[in-house]
> 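Would you mind keeping the following structure in view while I ask a few things?
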Amino acid sequence: MTNLRKDAEDVFLYAYPLITTQATHLGADDKSFEHCREFPSSEYRRIVKLNMDTLYSYAWTQLKNSPYLIHIPKITERYFLFPIMDAYTNVIYSIGTRTPQMSSGDYIFLYRDEPVPKGYENYRVLRSEDSLNSILLRIETRGKTDYELVNRLQDQFIMKPLYPERILPVPSGNGIIPAEYPGTLSSEEYFTHFAELSADNPIKDADILQAFERLGYQKHTGAFDYSKATQQQKIALDQGMKDGMALLRQPGRFSDRVVRTNGWLTILGDAGTYGTNYLQRASTARTGWGANIPQDSLYSIATGDIDGNRFCSDKKYTLHIEVDGYPHAAVFWSITLYGERSKYPVKNRINRYSVNTYDIEQKRIEVNADGSLDLYITREEPQDEQKRKNWLPAPNDDEHFSLAIRNYWPDDISLEGGWDPPQVMEE
């Protein structure tokens, strides 16, 4: 006997990244890059858990309306990432410093099997099954003094539609916070919106498609009319959506391709390329939309100390890195603090949201005599001078917080789970 409630849960999780992507897309200009010329402030709410190590540039596509021309300059001054993400947050192309065989040059980005337009036969061809795709260009930025150089590099990247007159305006989405948006929808709104979006960004899993059909979706027309659903289907849609949301809120919802060490969860796989792990994909869209593949940046997340106690902002913590315990990064690494439940950087008096390789090199952070490092995570500013220099402020507003380590271009040891993140202990 078919379990319609389980069908609705499965469809809900499959659709979640697409709903979030479209909410993130609102207000965009689909004709060019939008460059962030500075690090995001604590007030920025468009994307959750942004890094504070690179300057971002955003671009979006309407591939069903026009191919896009891409120019990537030859960049030697800074490490960069140019991932192309489909509507469901899968990284379909990872371009950048790590992939010199696919980095600089001229590309044409096409919808499905669309032929290459005349005159562009010498361009390198990229394709997507989805009309809506996003590019989150990231360029290594060594602090605020690096803005001028990185801004010049940003301006050398080009992303534009071949036929700009065919590009439709994007609604503003004023007042919508993408990470919270799916949770504001009723089941009728959610599944109807999914059906509308899937017309140009198709459901690629036959089992999910069949599950949606059992709930009233018309595969051949792409229509989903909630008013024509049976009472049984409506109850299942409502309950299945609640079940899916409950799963996303559960701790430990990640795939088996993780390592848990010293209170940290390091994601070794199923990030950026999720396969059929739709729970992982939806969870990442909810808590870290736009995640890279591990080969580009390896993520370690901690929400509690080494003893398993959840981080509380009214307590004092020390994060200690042994001299031989730093992340194995070919480029650089960082540790960033986010408020929980907000998942955004924490507003603080000294405007410090993270600590990275360059903070040490430029002596904004002080290492110990033996080369090890101690960071002090507290709400109140430490009185001790050395601790104050190495202070990573905890939130005043959120009761809890999380920490994220980003290891840019990790080595094979790290990708195999052989590196242990640092201990975080309550004082």
> Distance-only, no hydrogens or angles: does the W264 side chain make a donor-acceptor pair with backbone N or O of Q423 under 3.5 Å?
no
> With under 30° as parallel and over 60° as perpendicular, where do the rings of F33 and F82 fit, or are they tilted in between?
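Rings of F33 and F82: perpendicular, over 60°.
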> When you compare the side chain of I92 with that of E129, does any pair of heavy atoms fall below 4.5 Å?
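The answer is no; the side chains never approach within 4.5 Å.
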> Could you go through the side chain to side chain contact (heavy atoms under 4.5 Å, CB included) check for N51 and T336 one step at a time?
CA-CA 7 Å; N51 74 58; T336 310; 5.6 Å; no
> Please step through salt bridge (Lys or Arg N to Asp or Glu O under 4.0 Å) for the pair D155 and R37, ending with a clear verdict.
CA-CA 10 Å; D155 289 334; R37 302 300 193 177; 2.7 Å; yes
> Taking it one step at a time, do Y88 and Y274 satisfy side chain to side chain contact (heavy atoms under 4.5 Å, CB included)?
CA-CA 10 Å; Y88 293 86; Y274 304 94; over 6 Å; no
> Could you check whether any side-chain heavy atom of N390 comes within less than 4.5 Å of a side-chain heavy atom of L373, counting everything from C-beta outward?
yes
> With salt bridge (Lys or Arg N to Asp or Glu O under 4.0 Å) as the criterion, how do R78 and D146 come out once you've worked through the C-alpha distance, each side chain's angles and the decisive distance to 0.1 Å?
CA-CA 10 Å; R78 293 291 181 271; D146 217 19; 2.9 Å; yes
> Taking all heavy atoms of C36 and all of Y58, pick out the closest pair and write down the distance.
SG-CE1, 3.3 Å
> Can you name the nearest heavy-atom pair linking G27 to V170, along with the distance?
N-CG1, 3.7 Å
> Indicate yes or no: does E148 engage R152 in a salt bridge with an N to O separation below 4.0 Å.
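The answer is yes: the pair qualifies as a salt bridge.
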> Kindly indicate whether the side chain of V258, heavy atoms from C-beta on, has any atom under 4.5 Å from the side chain of Q280.
no
> For a side chain to side chain contact (heavy atoms under 4.5 Å, CB included) check, start with the C-alpha distance between L26 and Y181, then their side-chain angles and the critical distance, and finish with the verdict.
CA-CA 12 Å; L26 294 174; Y181 178 66; 6.0 Å; no
> Hey, would you say the F194 and Y217 ring centroids sit under 6.0 Å apart?
no
> Spell out, as yes or no, whether a donor-acceptor pair under 3.5 Å connects the side chain of T61 to the backbone of N133.
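Yes, T61 side chain to N133 backbone: donor-acceptor pair under 3.5 Å.
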> Is there a donor-acceptor contact under 3.5 Å linking the side chains of Y299 and S297?
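Yes, side-chain donor-acceptor contact under 3.5 Å.
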> State the OG-CG distance between S402 and L265, to the nearest 0.5 angstrom.
12.0 Å
> Suppose we call two aromatic rings close when their centres sit under 6.0 Å apart. Are Y14 and Y278 close by that rule?
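Here the rings of Y278 and Y14 have centres that are less than 6.0 Å from each other.
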> Could you measure the distance from the CD atom of E180 to the CZ atom of R286? Nearest 0.5 Å is fine.
10.0 Å
> Is there side-chain contact between N292 and S94, with at least one heavy-atom pair below 4.5 Å?
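Counting from C-beta outward, N292 and S94 never come under 4.5 Å.
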> When you look at NZ of K160, are more than 12 heavy atoms from neighbouring residues, nucleotides or ligands closer to it than 6.0 Å?
no
> Between Y68 and Q62 (side chain of the first, backbone of the second, donor and acceptor by atom type, cut-off under 3.5 Å), is there such a pair?
yes
> Verify whether one side chain among N151 and Q154 offers a donor that lies under 3.5 Å from an acceptor in the other.
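N151 vs Q154: donor-acceptor pair found between side chains.
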> Indicate the atoms forming the closest heavy-atom contact of K31 with P161, along with that distance.
O-CD, 3.4 Å
> Is a side-chain N or O of S103 found less than 3.5 angstrom from the main chain of P100, in a donor-acceptor match?
yes
> To the nearest 0.5 angstrom, please state how far the CG atom of L136 sits from the OG1 atom of T24.
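Answer for the CG-OG1 pair, L136 versus T24, is 9.0 Å.
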> Between R379 and S313, is there a side-chain donor-acceptor contact under 3.5 Å, judged purely by atom types and distance?
yes
> Using 0.5 Å steps for rounding, measure from the OG atom of S372 to the CG atom of D324.
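Nearest 0.5 Å value for the OG-CG distance: 10.0 Å.
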> Side chains of I75 and S104: closer than 4.5 Å at any heavy-atom pair?
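Of all side-chain heavy-atom pairs linking S104 with I75, none is under 4.5 Å.
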> Run the numbers on R349 and E381 for salt bridge (Lys or Arg N to Asp or Glu O under 4.0 Å), then give the verdict.
CA-CA 9 Å; R349 186 182 61 78; E381 183 174 357; 2.3 Å; yes
> Taking the six-membered ring for Trp, are Y16 and F12 closer than 6.0 Å centroid to centroid?
yes
> Could you tell me if the side chain of F109 sits less than 4.5 Å from the side chain of P67, heavy atoms only?
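P67 does not reach F109 side chain to side chain.
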> Heavy-atom distance under 4.5 Å between the side chains of Y344 and P40, does that happen here?
no
> Do the side chain of R388 and the main chain of Q383 share a donor and acceptor less than 3.5 angstrom apart?
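At least one qualifying donor-acceptor pair exists.
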> So, applying salt bridge (charged side-chain N to carboxylate O under 4.0 Å, His left out) with D243, which one of R249, K6, R5 is it?
R5
> Do D130 and S128 have side-chain N/O donor and acceptor atoms under 3.5 Å apart?
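The criterion, which ignores hydrogens and geometry beyond distance, is not satisfied for S128 and D130.
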> Taking C-beta and beyond as the side chain, do F191 and Y226 meet within less than 4.5 Å on heavy atoms?
no
> Testing the basics here: between D296 and Y79, what is the closest heavy-atom pair and its distance to 0.1 Å?
O-OH, 3.4 Å
> Any donor-acceptor pair under 3.5 Å linking the side chain of D307 with the backbone of N309?
no
> Please check this pair: side chain of N90 against backbone of D86, looking for a donor-acceptor N/O pair closer than 3.5 Å.
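A pair under 3.5 Å: no.
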> List the atom of P178, the atom of A23, and the distance in Å for their closest heavy-atom pair.
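Here P178 and A23 meet closest at CG-O, 3.8 Å.
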> Apply the test side chain to side chain contact (heavy atoms under 4.5 Å, CB included) to residues W391 and N348: give CA-CA distance (whole Å), side-chain angles for both, the deciding distance (0.1 Å), then the verdict.
CA-CA 11 Å; W391 178 38; N348 60 83; 5.6 Å; no
> For the residue pair N368 / D374, report whether a side-chain donor-acceptor contact shorter than 3.5 Å exists.
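Their side chains do contain a donor-acceptor pair, which is all the 3.5 Å distance test asks for.
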> Write down the atom of S414, the atom of L268, and the distance for their closest heavy-atom approach.
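Looking at all heavy atoms of both residues, the shortest contact is O-CD2, 3.5 Å.
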> Check whether more than 12 heavy atoms from other residues, nucleotides or ligands sit under 6.0 Å from atom CD of E427, and answer yes or no.
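Yes.
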> Are the side chain of T99 and the backbone of G96 linked by a donor-acceptor contact shorter than 3.5 Å?
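Yes.
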> Distance-only, no hydrogens or angles: does the Y190 side chain make a donor-acceptor pair with backbone N or O of I19 under 3.5 Å?
no
> Do F39 and Y353 have their ring centres less than 6.0 Å from each other?
no
> Within this structure, what is the CD-NZ distance for the pair E188 and K234, rounded to the nearest 0.5 Å?
7.5 Å
> With no hydrogens and no angle check, is any side-chain donor or acceptor of S131 less than 3.5 Å from a backbone partner on L63?
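Looks like yes, one N/O pair under 3.5 Å.
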> Starting from the C-alpha separation in whole Å, work towards a yes-or-no answer on salt bridge (Lys or Arg N to Asp or Glu O under 4.0 Å) for E340 and K49.
CA-CA 11 Å; E340 292 288 345; K49 291 194 173 179; 3.6 Å; yes
> Decide whether W289 and T21 meet the rule of one side-chain donor and one side-chain acceptor closer than 3.5 Å.
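Yes, side-chain donor-acceptor contact under 3.5 Å.
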> Say whether D53 and Y408, considering side chains only, have a donor N or O and an acceptor N or O under 3.5 Å apart.
yes
> Could you give the distance from CD1 (I70) to CD1 (I108), rounded to the nearest 0.5 Å?
9.5 Å
> Looking at Q362, I'd like to know if its CD atom is crowded, meaning that more than 12 non-hydrogen atoms belonging to other residues, nucleotides or ligands lie closer than 6.0 Å.
yes
> Quick check, are the ring centers of F332 and Y358 under 6.0 angstrom apart?
yes
